[in-house]
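Okay, so here's the structure we're looking at.
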Amino acid sequence: MEETNIHTMIRDRFSKLPPKLQDAITSTEVAGKLRALSQKYRLHIDQGQILENETYMVLLGIDQAEKYEGNLKKELKISSENAKNIAKDVAKEIFL
């Protein structure tokens, strides 16, 4: 998929979200929590960016929440246990 199409898709999805969810996605609080989780799990900078991307894809409804843990394991190249723990913390800190 071309990068332009991805940006257009994200923009379209974002514009259709309820205002409260739009505010949550754009808040510095979500980004700060994701950075804190990156530090907690000692992720490299590039892995931290992947964690943010995967999380925002779920928040925007582009990726399914049920696949989040598996996506983290695959994209971050981490163990199943670490992916499960990160997904659990993201669910508690951000998704809920």
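For the atom pair NZ of Lys77 and CD1 of Ile50, the computed distance is 6.5 Å after rounding to the nearest 0.5 Å. Here the CG atom belonging to Asp12 is positioned 11.0 Å from the CG atom belonging to Leu17, to the nearest 0.5 angstrom. Note that CG of Leu37 and CD of Glu52 are 10.5 Å apart. Values are rounded to the nearest 0.5 Å.
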Item to complete: Please report the C-alpha distance between Ile62 and Tyr56 in whole Å, then the side-chain angles of each, then the deciding distance to 0.1 Å, and finally whether the side-chain contact (heavy atoms from CB on, under 4.5 Å) criterion is met.
Response: CA-CA 9 Å; Ile62 295 170; Tyr56 285 120; over 6 Å; no
Practice prompt. Go through the steps to decide whether Asn85 and Tyr41 satisfy the test side-chain contact (heavy atoms from CB on, under 4.5 Å), and finish with yes or no.
Written response: CA-CA 9 Å; Asn85 290 334; Tyr41 290 98; 3.5 Å; yes
Practice prompt. Check the pair Leu59 / Ile94 against side-chain contact (heavy atoms from CB on, under 4.5 Å), numbers first and verdict last.
Written response: CA-CA 9 Å; Leu59 288 172; Ile94 296 169; 4.2 Å; yes
Practice prompt. Let me see the working for Leu72 and Glu54 under side-chain contact (heavy atoms from CB on, under 4.5 Å), right down to the final yes or no.
Written response: CA-CA 7 Å; Leu72 291 180; Glu54 291 296 326; 4.1 Å; yes
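Between Gln47 and Leu76, the closest heavy-atom pair is NE2-O, 2.8 Å. What you find for Phe95 and Thr55 is that their closest heavy atoms are CE2-CG2, 3.8 Å. Counting all heavy atoms, side chain and backbone alike, Leu51 lies closest to Ser38 at CD2-OG, 3.7 Å.
When side chains are defined from C-beta on, Ile78 counts as touching Ile86, because their heavy atoms get closer than 4.5 Å. Inter-residue side-chain proximity for Lys40 and Asp89 is flagged as met; some heavy-atom pair is nearer than 4.5 Å. With a 4.5 Å cut-off on side-chain heavy atoms, Val30 and Ile25 do not count as touching. Tyr68 places none of its side-chain heavy atoms less than 4.5 Å from the side chain of Asp63.
For Glu75, the CD atom counts as densely surrounded, since its 6.0 Å shell holds more than 12 non-hydrogen atoms of other residues, nucleotides or ligands.
With respect to Glu69 and Lys73, no salt bridge is recorded, no charged nitrogen being found less than 4.0 Å from a carboxylate O.
In this structure a side-chain-to-backbone donor-acceptor pair under 3.5 Å is missing from Gln22 to Pro19.
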